[in-house]
Amino acid sequence: MIIVSGVTHHYGVRPVLLEIDLTIEVGELVVVVGPNGMGKTTLLGVLSGALSPYRGSVSIGGLVRRRSIAEELEIRRKAVYLPDKCWLPGQLTGREFLLGVGRLYDIEHERLMDHAERLLQLFELTENADSPIRGYSSGQQKKIALCSALVTEAPVFLLDEPFSGGLDPAGILALRRVLRHLVKSRRATIVLTSPVPELVEEVADRVLLLREGRVLAFDTPEGLRRSTGCHGSLAQVLERLIYPEMRQHLDDYLRDYAT
Amino acid sequence: MIRRLRLLLPHDIVIVPLLVFHLVTVGLHLLLFRHFQATEEAAGRVLLAAMVLATMFQGAYRVIAFHPFYNADYREWLGRAPWHWPRPLPAGPIHLVWEDAVILGTFTGVTWYEAGLSAFVLPLVFLGVRAAFLMETFFLTGQRGHGWIIAFGFGWLVWTRSRSPLLIGSTAVLTLVAELGLRASMRAFPWGDCRSLFLRTCEPEAILSKGLGWPYQGLGPLDEPGVLKGREKALVALLAGWSVFTMSSLASLAEDRVLIIQYAWGFSGMAAVLGRLTTYLPGTDGPLSLAGRIRLGRWIIPGYDRLFLGPVAALIICGAGPFAFHRQGASWPVAFSATITLVVFVALTARPSLAAWRLTCDVRTRPRGITREHVRVG
């Protein structure tokens with residue numbers, strides 16, 4: 001379980017997160033959506049321990065982030081974080097990289113070798129598995145980064161925009177199914193961000209909407225539909241919740257210039 | 001015998017330039033002596049310097065060329081071979097053998113004949129340099145006790161340099177410690193993950209995480225134990241003060257000695273501050289920008305600013321220490337050396353520890369250790 005209590009965070013003067021309180025259950029896939037600059041990445045940064053919040057605390061599996069060295073290390077073993085922008089060791093081959101990450105997370109060697117091979121197959125990287133990562137295309141680099149998070153077999157995944165960065169449709173499909181399967185069969189807890197609601201509608205157990213650093217809504221897709229009275233797609237529901245001004249602006253624009 | 005001697009001497013690629021260098025120095029020696037009416041003593045110094053350098057080189061070569069620690073390929077091959085101590089090492093002996101005496105005897109004979117140097121000097125130089133290179137291996141192959149004795153022993157050799165019997169006896173003891181350490185080290189071969197020896201840690205995870213990029217390097221589940229354990233921090237601090245105290249005794253005038261110590265004292269203060277900050281700051285930022293602190297009135301962020309307590313304490317001790325010790329009756333060399341010890345000790349032990357800083361303090365963790373080898377994704 002992930003518990004976020006009263007988290008407020010500033011980079012400079014402007015608060016990016018304001019008094020965020022959340023509870024994410026074990027075996028739940030939560031998608032954080034919201035306009036750009038509304039604090040999605042910052043929230044994930046706070047959850048991952050990359051950012052120390054100005055106020056408030058985060059606990060994962062009953063352990064409080066940054067309270068003690070032992071607790072923090074234990075959390076890091078349990079929760080893997082993949083930021084939207086990562087740096088991969090270009091000189092290592094994809095396979096070496098996956099094996100290295102797996103060893104870091106204490107995965108048993110035989111299982112790790114097999115898991116890495118399966119992931120490489122799944123994301124169509126087998127042909128490049130033994131080539132240096134620097135030679136990969138940007139989509140392949142994104143795929144190997146995703147594989148590195150999956151190979152850890154961590155019970156908690158914190159993924160910042162996993163579907164962006166040049167991932168092809170096959171990769172998106174594979175990732176969505178793998179994440180859904182992890183939640184269902186292994187009761188993994190997954191928090192991911194996405195600016196594109198269509199990509200995550202099928203997989204989300206609950207959707208967290210952030211606006212101006214505050215929680216605007218945190219509910220299941222069905223719950224959001226009920227509360228907004230909109231029975232369309234998740235994108236349409238979010239349009240009502242997050243982008244009411246944009247809707248008005250769009251109507252005005254279409255009326256004045258596109259007719 | 002010739003074959004054994006050839007084995008223990010550097011390759012011709014090294015020997016030939018050294019011989020040329022020697023001939024040039026001998027020529028210079030003769031030139032100075034005959035044509036410029038240089039005193040025999042002055043001319044002899046040129047040759048002496050050349051021979052001391054050659055002896056130092058041979059002392060280092062005897063360890064570097066034959067010790068598996070210094071040669072990764074040899075070490076890995078030996079680790080897979082059915083070799084164990086005390087079988088002879090395939091590449092040649094690291095321990096002292098009689099051929100060393102022949103080589104050193106030749107060096108000593110030449111120097112004694114041409115420059116009138118005492119017969120003890122070059123063997124002491126050879127043994128000292130050899131012990132220094134063995135010392136490095138001891139710290140990384142598990143014989144740290146032997147390493148520390150040798151490290152402190154060097155200062156003692158400098159301190160006793162004008163008392164020949166004591167100097168010779170001390171060098172003999174140091175050589176014995178080096179030999180015992182070498183035996184213990186080779187008995188413990190193989191020393192675990194060979195690559196880890198050079199990364200100063202035996203945790204394979206530590207090695208991997210160093211090259212895994214962001215976020216694994218910085219946010220991975222990796223404890224970052226310091227290189228030094230608790231007691232060893234005190235030993236490093238003592239060694240710093242002791243080394244400055246003994247090395248400064250090389251100055252011929254008392255004023256010069258105090259001046260040298262003062263330089264070392266100033267350097268230790270700067271090193272304490274810079275060393276601490278350059279170790280702790282990479283890969284971390286404050287939770288708030290400076291502008292944010294000012295505008296929000298959060299002048300002090302305890303969870304972050306505690307980083308600066310150690311360096312500030314080291315600076316205060318550095319400034320006040322010599323005068324406090326001197327007031328207690330210590331001579332200036334002792335007062336400055338003791339202060340250096342304290343400053344280094346504070347720099348090494350002040351809270352938070354590096355692990356506590358990275359894992360528990362109020363920091364913003366950002367990518368660190370990113371090199372040109374890393375590729376950015378996203």
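Chain A is the first sequence line, chain B the second, and so forth, proteins listed ahead of strands; every chain is numbered from 1.
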**Fill in**
When rounded to the nearest 0.5 Å, the distance separating CG of A/Leu29 from CD1 of A/Ile190 is 4.5 Å
**Asked** Could you give the distance from CH2 (B/Trp85) to CE (B/Met186), rounded to the nearest 0.5 Å?
**Response** 7.0 Å
**Message:** Counting only non-hydrogen atoms closer than 4.5 Å, does B/Leu296 touch chain A with its backbone (N, CA, C, O), its side chain (CB onward), both, or neither?
**Reply:** side chain
**Request:** Using a cut-off of under 4.5 Å on heavy-atom pairs, state which of A/Gly90, A/Ser48, A/Ser138, A/Cys86 scores highest against chain B.
**Result:** A/Cys86
**Request:** Counting only heavy atoms closer than 4.5 Å, note whether B/Ile370 contacts chain A via side chain, backbone, both or neither.
**Result:** side chain
**Pairs of heavy atoms under 4.5 Å with chain A: top-ranked of B/Gly303, B/Cys361, B/Pro367** = B/Cys361
**Segment of B/Arg372 engaging chain A (4.5 angstrom heavy-atom cut-off)** = neither
**Message:** Looking only at heavy atoms and a cut-off of under 4.5 Å, which of B/Arg295, B/Arg364, B/Arg293 has the most pairs with chain A?
**Reply:** B/Arg364
**Prompt:** For the candidates B/Leu288, B/Leu219, B/Thr365, which exhibits the highest count of non-hydrogen atom pairs separated by less than 4.5 Å from chain A?
**Reply:** B/Leu219
**Asked** Does A/Arg134 pair with B/Glu373 as a salt bridge, N-O distance under 4.0 Å?
**Response** yes
**Message:** Between A/Asp21 and A/Arg214, does any side-chain N to carboxylate O distance fall below 4.0 Å?
**Reply:** no
**Asked** Can you list every ring-ring contact (aromatic ring centres under 6.0 Å, His included) pair that touches residues 132-155 of chain A, not counting sequence neighbours?
**Response** none
**Request:** Evaluate side-chain contact (heavy atoms from CB on, under 4.5 Å) for A/Arg95 paired with A/Glu117, printing each intermediate quantity in order.
**Result:** CA-CA 8 Å; A/Arg95 193 189 306 277; A/Glu117 184 61 42; 2.4 Å; yes
**Contact leader toward chain A among B/Gly220, B/Gly292, B/Gly378, B/Pro287, where contacts are heavy-atom pairs under 4.5 Å** = B/Gly220
**Request:** Counting only heavy atoms closer than 4.5 Å, note whether A/Ala149 contacts chain B via side chain, backbone, both or neither.
**Result:** both
**Message:** Salt bridge check, B/Arg358 against A/Glu72: does any charged N sit closer than 4.0 Å to a carboxylate O?
**Reply:** no
**Message:** Quick check on A/Ser164 against chain B: is it the side chain, the backbone, both or neither that has a heavy atom closer than 4.5 Å?
**Reply:** neither
**Charged N-O contact under 4.0 Å between A/Glu108 and A/Arg111** = no
**Message:** If we define contacts as heavy-atom pairs under 4.5 Å, which of A/Arg66, A/Arg65, A/Lys78 has the most with chain B?
**Reply:** A/Arg66
**Request:** Pick one of side chain, backbone, both or neither for A/Ile69, based on which atoms fall under 4.5 Å of a heavy atom in chain B.
**Result:** both
